[in-house]
Each structure stands twice: as C-alpha cells, then as structure tokens.
Amino acid sequence: MGTTAMRFAVVLGTNDVASAIAVHLHRAGFCVVLSHDPNPPVMRRKMAFHDALFGDPVRVENVLGERIDSTMDVFKALGDPAHVLVTPLGLLDLLPIRAIDVLIDARMQTREVTPNLRGMTRLSIGIGPGFSPSANCDVAIETRPDRLGQIVVDGWTLAKDDVGELGGVGAERLVLSPHEGRWHTPVEIGTRVYKGFVVGHLSGIPVAAPYDGILRGIVRDGSDVPAGVALAEIDPRGRHAQWTGIDAQGQTLAQATLAAIRLHAAERIGASAAGSR
C-alpha cells in the first residue's frame, strides 16, 4: 500500500485512554503514532502502550506497540503500519512528515491554558476538559462520568469532576504524591495489596496503599513526579478487578472518537457535493 493511501493519525499521550483510541484507530486502518508527554505520569501502564518507550514488549488487546525514534521511521511505517507506533518525538517533530489526517489530544491534562490544535491538521479532537470547537479544536469529547463520550461541537467541555467511582469507591482508591520527587517501587501491577501496604517510596519516604484491592496502576519505577499527581490506583472489585486491556471508559472514548471522525468525513462529503451543484 502506498504512503498516500494510509490515513495518518497522531495521538498526544501514551496513557490508557490514548492507547484505547490508538487501538481502535489502528483497527480502522490508520497509521497511528502516540506522542509521549511526561505530564501527568502514566499510571495504568498495563492498559497502555507507554512502556514501549522503555523497550518493553507491549500489547493492548492484541495490538503491538513499537517504539520509534526518528521521523524517517514514521515515514517508512506510513506505508504498512503493522503496529501502533510510540515515540518521544513531539508534535512539532511529527508535523513535517506528512499532512496529519487526525490529531487527538488525549493527554487528559489539567492545565490553565489548553493548546490550540486547529489548523495543524485536517481534523483535531480534544479529549476532556479545556476544549472547545470554537476556540482550540474542531471537535471535543466529554470525559466526565455523567457525560462520558458525548461529542461537543459547540461550547466547552465540562471542567474536571471528582474521580469516578470504581466498585463504589471514589478518589480514596488513588495514591497521590504528597510532594515532588523521584518515585521508586518494586510492586507490579496486578498485585493484591492491603490498606497500609507500602507500594513505593517518593524520595525515600514510604507511600502506602489507601485501600484493599488489586493494584490497577502504578507509575513506573524511577520516574520524577510533581506534587499532587496519582502515583497508584487500587481496584477494590476483587475478582472483577481489571488492570489490563481496554476498560469501559477507554472503550467509550475510543468509540466516540471514531464516531467524530466519521461525522466529520460525512460533513466534508456533504459540503463537497453541495459545492459541486
């Protein structure tokens, strides 16, 4: 297949939501590149392509993630992308390779100023708070639990809400960094832990699990982290706990992203047909 025939998608972020979107885009025939951003650190790593950045073999729903380091590697992959590509290259590095068909910001950042994605690509999609089709993207998608996956074509997405519940447990299932520092942990995702169990050390200070359950996510050992970010997450649902694959939130947001892409394509075809009359 020639490089001109393959649709090119860039997803900002290597977290679980970005990875779920990448899997669906890959299956839909896109060449997908995930661009890493260190803020916030990735926690649900068994549900993400993030660890491919460190040379680990990574599969999400039987789709393999492959680290690439140069724009030439991306250009070559556009011809026949067997895997989802994961790179430390930023958007400014990727823009010159070829016209990007879809640009998706799935970093789920909490920030005062959201970057303006419009005009960089044929279609830009913002996932979560801080996006508006009238200001910084073409289409926005809600991430709040009560409006999860709703496509926004007018106005702003809602501000970040409280952490959604999992097994009836809200924000108390998260381990937050009390200060900035270097994070170290020997504990693997999928481990059963109990309240008070030390899951790691932040600059030498022990950090304990706040709840009984399965370790659903934990920031990679050796990471530098700011204050106030999630270091780990406990899934309290016992045998129903999930720490691999694509969860319900990721599935919904990925399907909404594909729906937004199809809607945009249909509108372009309709506008083209109207203009040719």
Side-chain angles (χ1 to χ4, degrees), residues 1-15 17-37 49 52-53 63-109 114-128 130-141 151-153 253-276:
M1 183 182 290
T3 57
T4 55
M6 179 59 62
R7 291 181 294 174
F8 182 25
V10 172
V11 183
L12 305 181
T14 53
N15 57 44
V17 170
S19 299
I21 291 169
V23 167
H24 281 68
L25 289 172
H26 176 79
R27 290 173 177 165
F30 283 84
C31 174
V32 187
V33 177
L34 291 182
S35 173
H36 173 57
D37 190 297
F49 290 113
L53 289 165
V63 174
L64 187 67
E66 175 187 5
R67 176 176 171 136
I68 54 168
D69 290 286
S70 73
T71 54
M72 184 55 67
D73 290 336
V74 180
F75 185 77
K76 290 176 181 176
L78 278 167
D80 186 20
H83 314 303
V84 165
L85 308 176
V86 190
T87 184
L89 295 172
L91 179 58
L92 294 181
D93 301 308
L94 298 170
L95 280 170
I97 295 173
R98 205 202 75 185
I100 297 172
D101 295 295
V102 184
L103 171 63
I104 300 156
D105 190 337
R107 292 174 289 181
M108 316 281 282
Q109 292 177 325
T114 304
N116 187 354
L117 307 178
R118 293 190 301 179
M120 295 185 180
T121 175
R122 290 169 181 159
L123 174 63
S124 59
I125 300 175
I127 309 291
F131 285 106
S132 170
S134 62
N136 53 23
C137 63
D138 296 308
V139 180
I141 296 175
I151 295 174
V152 177
V153 293
L253 292 173
Q255 289 172 342
T257 301
L258 284 180
I261 293 169
R262 288 192 295 266
L263 180 65
H264 182 260
E267 288 174 348
R268 286 183 63 187
I269 292 170
S272 177
S276 62

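Throughout, numbering of the chain's residues begins at 1 and tracks the sequence. None of these values were measured; they are calculated from a predicted model.
Residue Ile261 holds its CD1 atom at 7.5 Å from CZ of Arg7, rounded to the nearest 0.5 Å. Taken from CG in Leu117 to CG in Asn136, the straight-line distance is 6.5 Å, to the nearest 0.5 Å. Here Thr87 contributes atom OG1 and Ile68 contributes atom CD1; the two are 5.0 Å apart, rounded to the nearest 0.5 Å.
Here the closest non-hydrogen pair linking Cys31 and Leu85 is SG-CD1, 4.1 Å. Contact between Ala140 and Pro133 at its shortest, heavy atoms only, is N-CG, 4.2 Å. Closest approach of Ala256 and Ile151 over heavy atoms only: O-CD1, 3.8 Å. The two atoms that bring Val32 and His26 nearest to each other are CG2-N, 3.7 Å, heavy atoms only. Closest non-hydrogen pair, Leu94 versus Ser35, comes out as CD1-CB, 4.2 Å. Residues Phe49 and Val63 come closest through the heavy atom pair CE2-O, 3.3 Å.
Looking only at distances, a side-chain donor or acceptor of Arg118 sits under 3.5 Å from a matching main-chain atom of Ala135. Looking at Arg67, its side chain does come within 3.5 Å of a backbone N or O of Leu53 through a donor-acceptor pair. For the pair Asp93 (side chain) and Pro88 (backbone), a donor-acceptor distance under 3.5 Å is absent. Side chain of Thr121 to main chain of Ser124: no donor-acceptor pair is present (N/O by atom type, distance under 3.5 Å, no hydrogens or angles).
Looking at heavy atoms from C-beta onward, Val84 lies out of side-chain contact with Val11 at the 4.5 angstrom threshold. By the 4.5 Å heavy-atom criterion applied to side chains, Leu103 and Val10 are counted as neighbours. At least one side-chain heavy atom of Asn15 sits less than 4.5 Å from a side-chain heavy atom of Met108. Looking at heavy atoms from C-beta onward, Met120 lies in side-chain contact with Leu95 at the 4.5 angstrom threshold. Two residues are said to be in side-chain contact when any heavy atoms from C-beta on lie closer than 4.5 Å; Ile97 and Leu78 meet this criterion. Contact annotation: the side chain of Asp101 never approaches that of Leu123 to less than 4.5 Å [non-hydrogen atoms, C-beta and beyond].
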Q: Run the numbers on Leu25 and Val102 for side-chain contact (heavy atoms from CB on, under 4.5 Å), then give the verdict.
A: CA-CA 10 Å; Leu25 289 172; Val102 184; 5.6 Å; no
Q: Mind running side-chain contact (heavy atoms from CB on, under 4.5 Å) on Ile125 and Phe131 for me, showing each step along the way?
A: CA-CA 9 Å; Ile125 300 175; Phe131 285 106; over 6 Å; no
Q: Please report the C-alpha distance between Cys137 and Asp105 in whole Å, then the side-chain angles of each, then the deciding distance to 0.1 Å, and finally whether the side-chain contact (heavy atoms from CB on, under 4.5 Å) criterion is met.
A: CA-CA 9 Å; Cys137 63; Asp105 190 337; over 6 Å; no
Q: Assess whether side-chain contact (heavy atoms from CB on, under 4.5 Å) is satisfied between Val33 and Leu89, documenting all intermediate values.
A: CA-CA 10 Å; Val33 177; Leu89 295 172; over 6 Å; no
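Using a 4.0 Å cut-off between charged side-chain N and carboxylate O, Arg107 and Asp37 make a salt bridge.
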